[in-house]
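Following: one structure in structure tokens, then a few remarks.
When reading the values below, keep in mind they use all heavy atoms of this one structure, side chains included, and skip hydrogens, waters and symmetry mates.
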Amino acid sequence: MTLTTIVIAFEISSVRSASNRLLAAMRGELSQYRMVLLVPRLAAPAPPAKQKMVRTRRIEAPRPLAVPNPRLLRRLEPSLAEFVNDNPEIESILTREIVRDVDNKVLDVHRLLDRSSIRVSFEINEAGQISGRKIDKSSGVASIDHLALELIKLLDKYQMLRVTKGVEKVFLLIDIDRTVEVSLEEQVAESAELDVVRRQAQNMLAMVRFALVKEAAAILLNDISITTGDNRVIISKSFEKEALTDFLIRYCLADQQK
């Protein structure tokens with residue numbers, strides 16, 4: 001046992017001595033060489049990509065016709081033609097804008113009759129004068145929107161709202177779907193004035209009914225509903241499309257079919 005231990009110890013010592021001599025020889029050999037560390041060159045950072053300027057093309061409103069086309073005016077009844085002639089702004093829209101939209105297939109009467117709507121609003125001061133006219137919901141046709149705003153201006157021109165007291169703002173909605181819905185909503189300053197405004201609306205409808213011919217008055221003014229609530233007076237009417245269709249066929253559809 002003792003002999004075995006001495007032999008193993010001797011072998012371990014011999015291995016260590018040989019290992020030390022080998023390492024010393026390698027150090028001496030390597031000391032004769034110069035070591036150079038090669039580091040790969042890093043690629044230069046790429047310059048930041050130039051951001052492309054995206055130019056948005058401004059869509060300009062279609063220009064009215066330079067030369068008016070009166071062919072739609074020739075279709076109007078004499079009393080309506082006289083009314084248009086007395087109002088150059090309305091005449092200009094009919095002869096320069098509506099004709100343009102009809103010819104460019106922008107104004108499609110069939111589509112308007114199928115489903116469409118327009119909502120306009122305006123304010124009224126104490127003297128009954130109109131301000132702040134705007135389109136709250138477009139019909140989708142520029143000439144129709146323009147015509148609606150100009151017709152509202154005529155309420156001021158003919159002083160039709162001078163007798164209106166207590167009304168701050170008016171909303172007019174025309175909605176065409178299965179039927180034609182017309183709603184005139186008057187916003188009243190104080191709830192105590194609701195009854196006064198309601199009577200004013202009734203008197204105005206009576207005046208309009210007296211001014212219109214019997215047939216037109218029946219189509220426009222019969223079965224009108226006047227309701228009040230939440231500081232608002234709402235005048236509304238619903239009628240079938242046939243009356244509107246007959247009118248448009250007479251003045252528009254026949255022209256488109258040529």
Item to check | Reported CD1-to-OG distance for the pair Ile98 and Ser92, which is rounded to 0.5 angstrom | outcome: 10.5 Å
Next on the checklist: If I take atom CG from residue Asp230 and atom CD from residue Gln187, how far apart are they, to the nearest 0.5 angstrom?
Outcome noted: 11.0 Å
Checklist entry - What heavy-atom pair brings Asp101 and Ser143 nearest, and what distance separates the two atoms? => result OD2-OG, 2.6 Å
Next on the checklist: Checking the side chain of Arg111 only, and the main-chain atoms of Ser116 only, is there a donor and an acceptor separated by less than 3.5 Å?
Outcome noted: no
Item to check | Same apolar cluster (I L V M F W Y, side chains within < 4.5 Å links), Ile135/Val141 | outcome: yes
Next on the checklist: What's the separation between atom CZ in Phe122 and atom CG in Leu149, rounded to the nearest 0.5 Å?
Outcome noted: 11.0 Å
Item to check | Identified side chain to side chain contact (heavy atoms under 4.5 Å, CB included) partner of Thr95 from the options Leu73, Val84, Asn69, Ile90 | outcome: Leu73
Item to check | Smallest separation among heavy atoms of Val197 and Gly166, with atom names | outcome: CG2-C, 4.5 Å
Next on the checklist: When you compare the side chains of Ser121 and Lys169, does any donor N or O come within less than 3.5 Å of an acceptor on the partner?
Outcome noted: no
Next on the checklist: Side-chain heavy atoms nearer than 4.5 Å, only ILVMFWY residues, links allowed to pass through others: does that put Val106 and Val102 together?
Outcome noted: yes
Checklist entry - Which atoms form the tightest heavy-atom contact between Leu112 and Ser139, and what is the distance? => result CD2-O, 4.4 Å
Item to check | Intermediate values then yes/no, side chain to side chain contact (heavy atoms under 4.5 Å, CB included), Val170 and Ile152 | outcome: CA-CA 11 Å; Val170 178; Ile152 290 175; over 6 Å; no
Next on the checklist: Please identify which of these residues, Asp195, Ile234, Val233, meets the side chain to side chain contact (heavy atoms under 4.5 Å, CB included) condition with Thr228.
Outcome noted: Val233
Checklist entry - If only atom types and distance count, is the side chain of Arg96 paired as donor or acceptor with the main-chain N or O of Ala66 below 3.5 Å? => result yes
Checklist entry - Does atom CG of Asp223 have more than 12 heavy-atom neighbours from other groups under 6.0 Å away? => result no
Checklist entry - If every non-hydrogen atom of Thr227 is compared with every non-hydrogen atom of Ser225, which pair is closest and at what distance? => result CG2-OG, 3.7 Å
Checklist entry - Do the side chains of Phe171 and Leu205 join up, straight or via other hydrophobic residues, at under 4.5 Å, putting them in one cluster? => result no
Checklist entry - Roughly how far apart are Leu173 CG and Glu185 CD, rounded to 0.5 Å? => result 9.5 Å
Item to check | Expected output: side-chain Arg115 to main-chain Asp177 donor-acceptor under 3.5 Å | outcome: no
Item to check | Rounded distance [0.5 Å steps], CZ in Arg178 versus OG in Ser238 | outcome: 12.5 Å
Next on the checklist: Membership question, hydrophobic clusters at under 4.5 Å side-chain separation (ILVMFWY): are Leu72 and Leu107 in the same one?
Outcome noted: yes
Next on the checklist: Exactly one of Lys153, Glu150, Lys157 should register a side-chain hydrogen bond (donor to acceptor under 3.5 Å, both in side chains) with Asn87. Which one does?
Outcome noted: Lys157
Item to check | Any side-chain heavy-atom pair of Val99 and Leu94 under 4.5 Å | outcome: no
Checklist outcome for this item: Smallest heavy-atom separation, Arg198 atom then Ile226 atom, equals CG-CG2, 3.7 Å
Checklist entry - Roughly how far apart are Ile118 CD1 and Ile144 CD1, rounded to 0.5 Å? => result 7.5 Å
Next on the checklist: Assess whether a salt bridge exists between Asp156 and Arg133, defined as any Lys/Arg side-chain N lying under 4.0 Å from an Asp/Glu carboxylate O.
Outcome noted: no
Checklist entry - If you group Ile, Leu, Val, Met, Phe, Trp and Tyr by side-chain heavy-atom gaps below 4.5 Å, do Ile130 and Ile93 land in one group? => result yes
Item to check | Minimal non-hydrogen separation, Ala189 against Asn231, with atom names | outcome: O-ND2, 3.8 Å
